[in-house]
Structures are given as structure tokens and as C-alpha cells.
Amino acid sequence: MIQDIHSHTYYSNCGADEPEKLAEKAVEAGIGLFGISDHNYGIGSRKREYFNVLTELRDRYSGRLRLLRGIEIATVNGLCITPDEDISYFDYCLVEHIDRPDSCVGGMGIFDFAKRCGCNTGIAHTDLFSYLAVEGADPLEYFTRLAENGIFWEMNVSYDSIHGYREHAYVKDFVKSEYQQDIVRRSGVCLSVGFDSHRIAEYRDDRVKDMCAFIENAGIKLWSRD
Ligand SMILES: [Zn+2]
Ligand SMILES: [Zn+2]
């Protein structure tokens, strides 16, 4: 099963595409499980509207595509969701920048934060092994705890003009490191794959497919929403 559960539409300030363009591209590219995950601060007060647009799209594309309604949550620069903000009705959320010193989800805070989110929670584009070294936390213990709490970790394979054609170093490290793969495999944590599209014209489904295949071949669990 090919998945890509990280993408942006014009509901994100940095995105440009109408949601349907993404769904069309996902079908064309043979992505089985596709998630749209606009930034919470871009969506702003349009959260219900955004959710309804995705629900309508999901229903219209059912049979061709399994579309998930997601949201990416910022945790720095005062952009985090407010304590009373409800996002529990989304299919999942991606939490970003938890490794930054100014993150409102610092330290081991992701466990409480995921409970507070109330939906499936993943950690977006974060070098967790470096983060754990800074925190002085044991990787196997941490990943096992993620697994027990149903929190997944994203392999972000973005490569486009918006991201300056940079590949994430933590992903390259992970692919090379038997040690890291072994920890993740033993912990039972799930990995998700995301291209983080902001311009669907620059979409690279080959990168998504290669990563899904790599994870499967490594005997690691690919996340799927139950
Ligand atoms: Zn992000
Ligand atoms: Zn993103």
C-alpha cells in the first residue's frame, strides 16, 4: 500500500493548489492512502469549512482513493493551537518542530500533547535521534513509548522548490543506519510517509513509492489509520 499523508492546499499560506487537484494527482500517481494536512495557522478560523471540503472530497473520491482529513500543528512562534481548540474530529494530525528549544511541546511533552489532540498523532519531519541525544533519552524506550501511545514518526521525502530542493538529512541517515532501523523495528512504532507537497505540479511520487518500499522491506510498520 502506497501512502502519502502530508500535503498542503491553498488553505495553507504557503500552499497554492485547490484540494481537488491534489486528490486527482494522488489517483493518477497510484497513491492508495492520501492525506491532506494544511497548517493550523493557515486554516485559522476556517477549520470547519476546511474539514467539510475534505469530507466532501473523500466521499467523492471513495473507491479511487482513501483520503484522510488531516491538519499540521505548529508548536513554535506562538502558532500552536490554543488549549480549548478542538481538533479531535480530524483523522490525524502532524505535529511539527517539537525539537526546537522554543516549542510549546518541549521535552517529552508529545505524549500529553497527543492525548490533548484527541486524534491519531504523528511527528512531522523531525530528526528524532538527534533530539533524543540532546534530551538524554534512550531511543528504544522513547520509540516504544511512541508505539504504546499510537504516535507515529514521519519520513518526509520532500524535494521541491518550496523546500529549496533540500532532502531531509534525518531521512537519509535513517535509510543508511541499520542501528536506527533496528531500534524502530524493535519498538513497534509506525512510520508514515509524506512528500509535503505545496505545489502539486512538482509532485514526485517516485520518492514516496521508494520510501514506502524501503520501510516495508526493512520489516518496519507503515502507519495506517484503523
Ligand atoms: Zn511542517
Ligand atoms: Zn507540511
Side-chain angles (χ1 to χ4, degrees), residues 3-19 21-23 25-26 29 31 33-44 46-47 50-51 53-54 57 67-81 85 87 90-106 109-110 113-114 117 119-131 146 151-172 174 191-205 207-208 211-212 223 225:
Q3 71 163 253
D4 175 358
I5 63 159
H6 192 157
S7 64
H8 296 273
T9 74
Y10 55 38
Y11 278 95
S12 295
N13 309 339
C14 45
D17 302 317
E18 64 177 304
K21 264 180 96 175
L22 274 66
K25 184 70 186 181
I31 310 294
L33 181 69
F34 188 73
I36 295 179
S37 56
D38 277 304
H39 291 291
N40 68 297
Y41 54 87
I43 301 166
R46 300 174 296 172
K47 220 177 276 110
Y50 166 72
F51 184 79
V53 164
L54 296 192
L57 202 57
L67 193 136
L68 297 181
R69 303 157 299 180
I71 185 166
E72 184 169 14
I73 307 296
T75 66
V76 293
N77 302 330
L79 296 172
C80 196
I81 44 175
E85 215 173 324
I87 59 159
F90 282 94
D91 292 323
Y92 70 100
C93 67
L94 298 174
V95 182
E96 63 175 346
H97 300 146
I98 64 166
D99 57 338
R100 295 212 186 155
D102 55 338
S103 172
C104 62
V105 186
I110 188 64
F113 193 72
C117 290
C119 57
N120 292 275
T121 300
I123 300 170
H125 50 69
T126 300
D127 182 351
L128 283 184
F129 279 92
S130 297
Y131 167 65
L146 288 183
I151 301 169
F152 56 94
W153 182 30
E154 177 189 72
M155 288 289 124
N156 189 303
V157 293
S158 72
Y159 189 76
D160 57 14
S161 61
I162 280 272
H163 300 96
Y165 296 103
R166 273 188 313 271
E167 291 180 85
H168 281 284
Y170 83 92
V171 174
K172 290 172 105 173
F174 182 76
L191 300 184
S192 68
V193 176
F195 184 74
D196 211 348
S197 170
H198 286 70
R199 302 282 183 278
I200 204 68
E202 298 181 30
Y203 192 59
R204 289 274 307 271
D205 59 290
R207 292 179 59 80
V208 168
M211 183 51 69
C212 290
W223 180 77
R225 187 171 181 270

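Small disclaimer: the values here were computed from a predicted structure and weren't measured. Just follow the structure's listing: the first ligand is 1, and inside any ligand the first atom is 1.
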_Evaluate I98 against Y131 for side chain to side chain contact (heavy atoms under 4.5 Å, CB included), listing each step before the verdict._
CA-CA 9 Å; I98 64 166; Y131 167 65; 4.2 Å; yes
Atoms of type N, O or S from protein under 2.8 Å of the Zn ion (ligand 1), total 3
**Prompt:** Mind checking whether Y92 and F152 have parallel, tilted or perpendicular rings, split at 30° and 60°?
**Reply:** tilted
Could you tell me how the ring of F51 sits relative to the ring of F90: parallel (under 30°), tilted (30 to 60°) or perpendicular (over 60°)?
-> perpendicular
Aromatic plane relationship, H163 with H198 - under 30° parallel, 30 to 60° tilted, over 60° perpendicular: perpendicular
Exactly one of V76, N77, V105 clears side-chain contact (heavy atoms from CB on, under 4.5 Å) with H97, and that residue is V76
Say whether Y203 and D4, considering side chains only, have a donor N or O and an acceptor N or O under 3.5 Å apart. yes
